[in-house]
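Remarks on the structure that follows.
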Amino acid sequence: MTTTVVVESIIRAATAQARCSFAQLGNQPPGSFGPATHFISHAWAGNFGELVSVILDIPETDGPAFFWLDIFAICQHTNDAQAEELGQLADVLMRARSTVAVLTPWQAPVAVSRVWCLYEYMVSCSSKGPESLCVRLSKDQQRDFIAHLVANFEEVEKLISKLDVRKAEATKPADKEMIQRKVEETTGFVLLNETVQMALRRWLRESAEEVLARMLEERGPDDADVLKLRDRLGMLLRALNDVAYTLMATGAHEEGEALLKAGISTIEEQLAASGGNDSSSLAELQDVRCSLLSNLGKAHTMQGRPLQALEVSQQACSLKTERYGAKHPSTIMTAADVAVVLRLLGRLPEALALQRQQLELCVEVLGRQHRHTAMLQNNLAVMLAEHAAAGAVEPAAAAAAAGPGQAQVAESEALFKTALEGYRKCRSPSHSSTLTVLHNWSLVRWRRGDPAAALSLLRDELLPAAPAAAAAAAVAAQSPAGQAAVAAGATAAGVELERAVSLMAAGSADADAWVGGQAALAYAALERHLSANSVANIIVVKP
């Protein structure tokens, strides 16, 4: 019997006269109600018996547990009471300790195709973090799932990868439109997809760890199924690493860091339990561990913890050097990360020496027309400019015919130009990496006391990158917003310029339009209010 049948034949019949929710009928024993601790998210097309089984099997917690179930808590008649209770849905989700996602049948869970369920996942994850979303199966479903986990892991992973919230449906078209509008106004579909997939992969990883621990105890580390499942776990952790990096790139630093630490902990447990077994599955786990550590170093850097970032990044670099050698691209880029952290710690001479060394290796291994080479050229250009501004002298620059500071400035300018050309060729003129180089180059000029050169660079390099937006630029400069930016002066211009570059660096689908439109507003204001005092309002170096 589906939950829809239960609602139509029992719930609505029982509440037909009172026209209220089932919970408000008043015939429940004392102690039946309290603040919700578990929000049950499920699809009405699912089996009601399995839904009850899932709820009964939820582990006990400290204190009483109260389960919020829509068919009982919300009036199932179309009236004002129903509208009011639906309006409180988000508040209930945010207050509940966890959101229980009932995914049955596991081979094709109905819930992930229903827009209301995905809305519930979104509110839970965005307000309390992805860890608040707990996936549950009935006992029968769990047994079948575990059997497939060992025999056909790829099938399970494929189901998760295919999830797309934009394809979810609702019984009422108006509900679908309303929820899709909320998604667009808050997280956006891409981030919601990744958040839900991350929660499902966490459940999949935990399930794999649980099964693997039991199999290790029963069969030992050399069993064929143990080795196969451990290899699949490595694949899953690699996907987790990618999701964590995406979360950090979108500002969800704490969530990304938590995923990375969980992955590292899982691998260390597996390595400890291997008994020294040297299998290909363990080699895969070692490789993933290197990637997780490297990204954990980035997470510390993004959150302003350079000391922790240095320790973790150096550990990742040592492991990669041991496994792949110093000239492997992955080792080179992690060593370059160490140089960036040294710069943040004020150890600029060390940072410069290491960054220069890695750039030389990168050119040797990958060539001059590679995105990694362009990245390291950008980083070295920033460091050289800062070194020159501080009045410090590199040993290599001290013997230059020109003043050492001038030599570093000249090299910095040349590197910025080469990096910009490299990204344009291997990426695109409007790619975020290309714009980041331009972003840094213009700021370096401005901070050097040459705002006219900074503006000229932006005008000459940025607008030609978006010829399709030329007409939009002309219109935008004359728009009310453009006039307001001009009237507000250089501070507003800096904000507009920062907004333009930041949005493009975030990978906006309308990058060309932003180049032409928002940049035009910035130029109009900057040209009228050009001032060296405006530097603090422009941009921040993003090496």
Side-chain angles (χ1 to χ4, degrees), residues 125 129-132 191 194-195 197-199 201-206 208-209 230 233-274 281-326 328-347 350-351 354-355 358 372 375-376 379 433 542-543:
C125 292
E131 66 279 357
S132 67
L191 185 56
E194 290 171 349
T195 301
Q197 287 177 355
M198 179 180 63
R201 284 195 172 96
R202 188 183 69 247
W203 160 66
L204 186 54
R205 173 177 56 82
E206 291 171 351
E209 289 172 22
R230 184 182 278 145
L233 181 60
M235 293 167 53
L236 187 61
L237 289 168
R238 193 175 291 281
L240 176 147
N241 180 57
D242 293 340
V243 172
Y245 187 83
T246 301
L247 282 170
M248 294 188 299
T250 55
H253 300 140
E254 292 182 1
E255 292 88 341
E257 182 182 345
L259 271 183
L260 294 169
K261 287 182 175 178
I264 292 168
S265 176
T266 295
I267 290 174
E268 289 176 348
E269 288 172 6
Q270 290 301 316
L271 295 175
S274 67
S281 62
L282 289 175
E284 167 71 5
L285 289 177
Q286 288 279 23
D287 289 341
V288 177
R289 183 185 180 211
C290 289
S291 298
L292 290 167
L293 282 168
S294 182
N295 278 341
L296 181 58
K298 289 183 174 71
H300 286 308
T301 300
M302 291 175 179
Q303 296 180 83
R305 298 194 294 262
L307 287 174
Q308 293 96 317
L310 182 62
E311 180 182 357
V312 174
S313 296
Q314 286 179 330
Q315 182 185 0
C317 191
S318 296
L319 285 171
K320 288 185 177 185
T321 302
E322 180 182 338
R323 289 189 64 75
Y324 316 131
H328 190 280
S330 183
T331 308
I332 293 170
M333 298 310 293
T334 301
D337 289 342
V338 174
V340 170
V341 178
L342 287 171
R343 165 185 170 265
L344 294 175
L345 288 168
R347 294 161 62 176
E350 295 173 71
L354 182 57
Q355 192 73 38
Q358 298 313 306
H372 289 344
M375 178 187 292
L376 300 195
N379 289 0
S433 300
K542 298 187 289 190

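The figures here come from the full heavy-atom set of this structure, side chains too, leaving out hydrogens, waters and symmetry mates. Throughout, residue positions are numbered sequentially from 1 according to the sequence presented.
Between Ala351 and Leu342, the shortest heavy-atom contact is CB-CB, 3.9 Å. The two residues Val312 and Gly297 make their nearest non-hydrogen contact at CG1-N, 3.7 Å.
Note that CD1 of Ile264 is 4.5 Å distant from CG of Leu296, once rounded to the nearest 0.5 Å. Note that CZ of Arg323 is 4.5 Å distant from CG of Asp287, once rounded to the nearest 0.5 Å. Distance CD1/Ile267 to CG/Leu292: 5.0 Å, rounded to 0.5 Å. One distance of note links SG of Cys317 with CD1 of Ile332; it measures 10.0 Å at 0.5 Å rounding. Put simply, CG on Leu376 and CD on Gln358 are 7.5 Å apart, with the number rounded to the nearest 0.5 Å. Leu293 CG to Glu311 CD: the interatomic distance, rounded to the nearest 0.5 Å, is 10.5 Å.
The list of ring-ring contact (aromatic ring centres under 6.0 Å, His included) pairs with a residue in residues 299-324, not counting sequence neighbours, reads Tyr324-His328.
The backbone N or O of Gln314 lies less than 3.5 Å from a partner atom in the side chain of Ser318, making a donor-acceptor pair. Here the side chain of Ser294 pairs no donor or acceptor atom with the backbone of Cys290 at under 3.5 angstrom. Side chain of Thr331 to main chain of Gly325: a donor-acceptor pair is present (N/O by atom type, distance under 3.5 Å, no hydrogens or angles).
Considering only heavy atoms from C-beta on, Glu268 comes within 4.5 Å of Arg289 through its side chain. Contact annotation: the side chain of Leu310 approaches that of Arg347 to within less than 4.5 Å [non-hydrogen atoms, C-beta and beyond].
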For the pair Gln303 and Gln308, evaluate side chain to side chain contact (heavy atoms under 4.5 Å, CB included) and give the outcome as yes or no after the intermediate values. CA-CA 10 Å; Gln303 296 180 83; Gln308 293 96 317; over 6 Å; no

With salt bridge (Lys or Arg N to Asp or Glu O under 4.0 Å) as the criterion, how do Arg305 and Glu257 come out once you've worked through the C-alpha distance, each side chain's angles and the decisive distance to 0.1 Å? CA-CA 12 Å; Arg305 298 194 294 262; Glu257 182 182 345; 2.6 Å; yes

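Within a 6.0 Å radius of CD in Glu350, other residues, nucleotides and ligands contribute more than 12 heavy atoms.
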